[in-house]
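Here the structure comes first, spelled out in structure tokens, and everything after it is commentary.
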Amino acid sequence: MNELLDTKHIIESLLFVADEPLSPKRLSELIEVDVATVKNIVETLKEEYRALDRGFQIRQVAGGYRFFTHPANAEYVEKLILAWDGRRLTQAALETLSIIAYRQPITKITIGTIRGVNSEGVVGSLIDKGLILETGREKSPGQPMIFGTTKLFLERFGLNSIKDLPPLEEFEPDDTTKSSIEKQLYSEEIVEEEDKEGEIKDDGTPSESDG
Amino acid sequence: MNELLDTKHIIESLLFVADEPLSPKRLSELIEVDVATVKNIVETLKEEYRALDRGFQIRQVAGGYRFFTHPANAEYVEKLILAWDGRRLTQAALETLSIIAYRQPITKITIGTIRGVNSEGVVGSLIDKGLILETGREKSPGQPMIFGTTKLFLERFGLNSIKDLPPLEEFEPDDTTKSSIEKQLYSEEIVEEEDKEGEIKDDGTPSESDG
Amino acid sequence: MSYTVKLEIFEGPFDLLLNLISKHKLDIYDIPIGEITDQYLDYLEKIDELDLEIASEFLLVAATLLEIKSAGLLPREEKLSDVEDLSAFEKRELLIARLIEYKKFKNAGQSLGARIESHNKFYERNAAVEPEFQDLLPDFLIGISTEDLRDIFEKIQKRQSLRLIDSSHIATIPISIESKLEEITELLRLEPRQSFREMTIAATGRDEVVATFLALLELYKKGVISLNQATTFGDIEIEAEESLDLLKDPFI
């Protein structure tokens, strides 16, 4: 029992001093107890901090445990330390990041094709921010570089693994959007049809006026 | 009473993330309570950690309060630190040091912008090693601290003054970069010229295209 | 911090198309550039201080609009491939499929944005190692010379510099940004304080003003100049930082 207490004490110290998430396996190797015990102890710690309403918590990100400050105090913490500059991600960056996250490994050209625009600049800035990296080269003519997300990406987005992302199908545009896209691209036909509708209107048929 | 609890919660968060010791005065400014209250609260926290036998403690050092790991676990902390990825640490430290050397005086934010990652921790450890120091505050909103290299830095590199640093070479982009610039800037002209080339080719005349 | 970057900044043709489709219900063959520009100027006016990133994205948007209008709808690379053989109907079908696919990722991007927003409130402990343990860290200065420091610095600069404002949508600037960079760096060395109006007073045309602006953004990004604009649409004050002198014609 006493030994368990000691182990808890040590795990707390290690998580405290670490500068990256520590996996249960890593912790188990460092202090020579089994992984299940490590997991139990960390759960106990989490619960203790919650119960005692501490100003910090342990969260599981990128496959490991890490200490974070309590979100309620973010405003004060920001007065003290510099926010990571990646907190300001543009729409273009987020969209490119999601393409890479779901389709990795992926080439710049494929990203550009999906976005309909050269994405060189956005990819570069995501690399600079440490969110993606070159993971190799595609085995195709020209051997273009392929990209994937980094551990930092998982950390920053509070994900334990890339599998924790919601399935892409969830983001399928709804039917209204789809039909609006179709309608608009057939706008010429629609215009003709609306003219006809205009005529029908004389018969007392309610017509939806153009948007 | 509730307010005191909140204040305790915030102070705990602040001390927990701080990179350098926080003085009672600094804490009192950050959260807008008086210094005596800050001192009381920190004493309470110290006592709580002792009573609950946490793996970390708050101690008062030159400059203020700082979190430390519990000395009983030093052996394990050493094991953890020795296993840190030396390359990662080294690269971050050298990058930050070279930026400060060539761009001083410089704020943490600018360092972060240039490196593309938050450089808080690295700056702290360079200060601890005596290679850089806070040289003043920038005359801009928020008056961020600015940093520069120390005498120790000069000694360590055998320099008389910072002006003795090797001059930066002319920036020569690599080939990929060059062609990417050219493509971006001259894409349309190139297309036209190619057309011309096609015509001239019939005469067998080699054509030199100038941008 | 009041960074209300809640604007719908779009960058590329697909995004633009979707936006037009959802908001304006316009025939995409007849994009009213004036209207879009006005809308963006409105956005910019609402921002307390001119955010350079937004301003540069605006340039991209404006240029993209012109490009779409002049070049038609399909992305350029596609013209070279078999898309050319498709009938007008098939082209549209293809475009619709791609727009829907793109919309899916756009939605996913928004969800990522929401996720980072909520995770942003958690700050990880990132403090330096306690003094007691400092000696255990590898001594990164072993075998490092000042030349190494310079090389490292140059590498970082290079890494940064090809984030040169992505000008792929401003295809034909006859004035290269590099030569502008050089020119401005030289000007600022002679006279470290300048105003944007002064700097562009002799510009031969709008494209030169744009090139000057992009070059300034680049210098700003490198942290060698500071920019200040007292009022919205007011003149921009440019001031060279001391570090500008350490750059030795870095852009040639």
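In what follows, chains are A, B, ... by sequence order, proteins preceding strands, each numbered from 1. From a predicted model like this one, the values you see are computed outputs, not experimental measurements.
The shortest non-hydrogen separation linking B/Arg156 to C/Leu141 is NH2-O, 2.9 Å. Between B/Phe157 and C/Ile144, the shortest heavy-atom distance links the atoms CE2-O, 3.3 Å.
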Yes or no on side chain to side chain contact (heavy atoms under 4.5 Å, CB included) for B/Ile99 and C/Ile152, after CA distance, side-chain angles and deciding distance?
CA-CA 9 Å; B/Ile99 291 170; C/Ile152 291 165; over 6 Å; no
Before giving the answer on side chain to side chain contact (heavy atoms under 4.5 Å, CB included), spell out for C/Phe140 and B/Leu126 the whole-Å C-alpha distance, their side-chain angles and the decisive distance to 0.1 Å.
CA-CA 11 Å; C/Phe140 48 82; B/Leu126 289 173; 3.6 Å; yes
Go through the steps for B/Arg66 and C/Glu130 under the test side chain to side chain contact (heavy atoms under 4.5 Å, CB included), then give the verdict.
CA-CA 9 Å; B/Arg66 191 192 203 281; C/Glu130 296 162 31; 3.6 Å; yes
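More than 12 heavy atoms of other residues, nucleotides or ligands sit less than 6.0 Å from atom NZ of B/Lys79.
The part of B/Ala18 that comes within reach of chain C is its backbone (N, CA, C, O), which places non-hydrogen atoms under 4.5 angstrom from that chain. Only the backbone of C/Ser145 comes within less than 4.5 Å of a heavy atom of chain B; no side-chain atom from C-beta onward does. Of the atoms belonging to B/Pro105, it is side-chain heavy atoms, and not backbone ones, that fall under 4.5 Å from chain C. Residue B/Leu94 touches chain C through both its backbone and its side chain, counting heavy-atom pairs closer than 4.5 Å. Residue contact with chain C, scored on non-hydrogen atoms closer than 4.5 Å, involves the side chain of B/Lys129 exclusively.
With B/Tyr102 as the aromatic partner, C/Arg150 does not meet the cation-pi criteria of under 6.0 angstrom to the ring centre and within 45 degrees of the ring axis.
Comparing B/Thr110, B/Leu131, B/Leu165, B/Asp164 by how many heavy-atom pairs each has under 4.5 Å with chain C, the most go to B/Leu131. Interface summary for chain C: among B/Val77, B/Leu97, B/Thr69, B/Ile106, the most heavy-atom pairs under 4.5 angstrom belong to B/Thr69.
Atom-to-atom distance recorded for C/Tyr123:OH and B/Leu14:CG is 11.5 Å, nearest 0.5 angstrom. How far CG of C/Leu136 is from CG of B/Leu80: 10.5 Å, rounded to the nearest 0.5 Å.
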